[in-house]
Number of protein chains: 2
Amino acid sequence: MATIGAVAKQAGVSIASVSRVINGTAARADTERRVRAAIQDLGYQPNSAARALKVRQSEQICLSFDDLSNPAYVLMTRGVGQALSSSKYRLILSSAFSSVEEIVKHLETMGRGFADGLIISPIYADARITTLISQLKMPVVLVGTMPEGLDVDNVYVNSAAGVDLAIDHLIEIGRKRIALINGPVTTNPGRRRKAAFEKALKKNKLAFSDASIIQADAFSTQAGFEAVTNIKELKKFDAIICANDQLAAGVMKFCVDNEIDIPSDIALIGIDNIELASLLRPTLTSVDLRAEERGQIAANLMLNRLANPDRPSKQIEVQPRLVIRQSTVAS
Amino acid sequence: MATIGAVAKQAGVSIASVSRVINGTAARADTERRVRAAIQDLGYQPNSAARALKVRQSEQICLSFDDLSNPAYVLMTRGVGQALSSSKYRLILSSAFSSVEEIVKHLETMGRGFADGLIISPIYADARITTLISQLKMPVVLVGTMPEGLDVDNVYVNSAAGVDLAIDHLIEIGRKRIALINGPVTTNPGRRRKAAFEKALKKNKLAFSDASIIQADAFSTQAGFEAVTNIKELKKFDAIICANDQLAAGVMKFCVDNEIDIPSDIALIGIDNIELASLLRPTLTSVDLRAEERGQIAANLMLNRLANPDRPSKQIEVQPRLVIRQSTVAS
DNA sequence: CCTCAAACTGTAATCGTTTACAGTTGATGG
DNA sequence: CCATCAACTGTAAACGATTACAGTTTGAGG
């Protein structure tokens, strides 16, 4: 591999001059021409490790979240990737963490300087994670609910508003006995959705009991399917909100199998509005939490912060939007 | 940030000794203890750029493909990520290339040494890409059909066998007028599926004309939907194979809208067997191309090659498998 | 033609590691 | 107690870039 020294020799100038033409500092036309020719000739590419060592920047941004099987995170990743693609930064991906310990281990590794910034969307609320993030010497953008006592750039969706949208819509179409199929409450989204759901029911003076919340083991289709196996229980409700679209897909499958009609017997609403929602039969009404947009915003916050390290931290709220389809309003 | 020098001073040894205990070379028990204590004390983390510069390894592997919107690539990414997670290598992701030029630009950038290896799954067959790959100084694993004149590690799926599986199954259930809804033939998968389809029809002495292949603009649901707008044309067939599951989802949507029954009027088979296939109504028979597994294999080939740079290149063929669901056999 | 400032260029130090080589220590056996 | 050798340790030179600083060139203006 050609080094900057080889280029300098070939062009008959000093390595400083080569460095300067590469980095766009002033150079005489003649010098620049010769250097560029030499670069061409030798197929020279600046070594990124050497550069990173000297300027203390890796030109890499790390994106961390729990699992790529969730399409909402895929959307987020796309948003981040897209926003980064027009910058000089590369995207490095850390996902598929199966435990808090793994996340912690990963965060500890951040001190090695292989990334200039961290965009993280932690699904588990754990004090260790919060502490580590706050100790990080690098810019952090947090996607999701901000834990207490952290002051970093943040983009989050007003998910209570999302639940409100869903419930208002259900009330509008005359439903009163509403259940929530929730994901694990050990997770941030699980906790928040539960709280928002209870609050919204109370606000609207609707019946609420512990039975109104059915816990699924995970945010997956399978888990949704398994959460509602008790038909009699299920028939007590005339509407169901699911904590995400995949849970809703599982519930829908169960309903189809058991000849419970959607929406006439039970109306069904998902959350996330992933592509799946428009492909199910009936198509699924869903609260769009704008994951891709959040990813974009997060990446832009990061780029902005990197360009401007001392600005105060920003918190950006994204508004959800309800996409009404056949699972609540037959077409 | 603490450097190795600070650790050495704190421990009262030379930096060489610190480096050695970090990298596991022999050291006296006493030395090791003191160094470890100092590392703890100072929260020292070795700087990855400095290390990369010295040892000429970045401990990063780059995964490149066209677009993360395709769930098959998400699966592949998961497979790669999983295989890499137990290694020392980090995953860096390059996707969302909109043109061959962008891929070329990206490949040219590889010389900077920010990655130790490249796993690439190019959707477009372009001579420039092939040339650049063959000139790369780093290990490459190619996922997909190997272009002429390239000799690198490779994992590919026997997609002709996949089409055969589909056609055999259709014949078995008595279908004879079979169409292919294909993706763009400017892509590798598009080309291969077309060829495999024609060959399989001939082999089975089934009717084939140019009309048997309907071209969609993309590998998306929308494109599938739009490809079949001519009902009369469509009704000439009693079975349709789609080049991927999303195309099939689009076709299915069209059929439902137009009261064409699946499978009695038309049997439908997708390719890829993404999660969607089991969630559609009717559920979609699909040829599983084992994307996640290919990702894993690719990553393992890479790790193996990195550990063993001089071994001859390996080509691994993955066998597809047919997953029969309601879109061909009513339940 | 000379002066002077502006514009450019080169020398050399530096970033934080790894590692060859030479030097030191400690244990073992005679 | 000394010689010998293995095992460990320290010194210093890389790795390939950037950049402060000092030196050189250039061109304009008098």
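Keep in mind that what you see is a predicted model, and the values were worked out from it rather than measured. Each chain gets a letter, A, B and so on, in the order the sequences are listed, and its residues count up from 1.
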Original post:
Taking only side-chain nitrogens and oxygens of A:N47, does any of them come within less than 4.0 Å of OP1 or OP2 of D:dC15?
Top reply: no

Subject >> N or O in side chain of A:S14 less than 4.0 angstrom from C:dG10 OP1/OP2 >> reply: yes

Without decimals, in angstroms, what is the distance between [X] [atom1] and [N] [atom2]?
{"X": "B:R56", "N": "C:dT18", "atom1": "CZ", "atom2": "P", "result": "15 Å"}
{"X": "A:E59", "N": "D:dA17", "atom1": "CD", "atom2": "P", "result": "14 Å"}
{"X": "B:D30", "N": "C:dA27", "atom1": "CG", "atom2": "P", "result": "12 Å"}
{"X": "B:Q57", "N": "D:dC15", "atom1": "CD", "atom2": "P", "result": "17 Å"}
{"X": "B:I22", "N": "C:dG16", "atom1": "CD1", "atom2": "P", "result": "14 Å"}
{"X": "B:Q45", "N": "C:dC15", "atom1": "CD", "atom2": "P", "result": "20 Å"}
{"X": "B:R51", "N": "C:dC15", "atom1": "CZ", "atom2": "C1'", "result": "17 Å"}
{"X": "B:K54", "N": "D:dA17", "atom1": "NZ", "atom2": "P", "result": "15 Å"}

With heavy atoms under 4.0 Å as the rule, sort [X] into base, sugar-phosphate or nothing.
{"X": "A:A27", "value": "sugar-phosphate"}
{"X": "B:A16", "value": "base"}
{"X": "A:S19", "value": "base"}
{"X": "B:S17", "value": "sugar-phosphate"}

When you measure from the side chain of [X], which nucleotide among [options] comes out closest?
{"X": "B:V55", "options": "D:dA20, C:dG16, C:dT18", "answer": "C:dT18"}
{"X": "B:A50", "options": "C:dT19, D:dT18, C:dT17", "answer": "C:dT17"}
{"X": "A:R28", "options": "C:dT9, D:dA17, C:dT17", "answer": "C:dT9"}

**OP:** Assess whether one donor atom and one acceptor atom, taken from the side chain of A:R112 and the base of C:dG16, lie less than 3.5 Å apart.
**Re:** no

Subject >> Which atom of A:S58 lies closest to which atom of A:R90, heavy atoms considered >> reply: O-NH2, 3.3 Å

Original post:
Does CD belonging to A:E317 count more than 12 external heavy atoms closer than 6.0 Å?
Top reply: yes

Original post:
Can you find a pair of side-chain heavy atoms, one from A:Y44 and one from A:I22, that are under 4.5 Å apart?
Top reply: yes

**OP:** Let me know, please, whether A:I15 or B:I15 comes out on the 5' side of the other along DNA chain C by nearest nucleotide.
**Re:** A:I15

**OP:** State whether B:E101 and B:K105 are salt-bridged, where the test is any N-O pair (Lys NZ or Arg NE/NH1/NH2 against Asp/Glu carboxylate O) under 4.0 Å.
**Re:** no

Original post:
Just how far is it from atom CG of B:L91 to atom OG1 of B:T77, taken to the nearest 0.5 Å?
Top reply: 7.5 Å

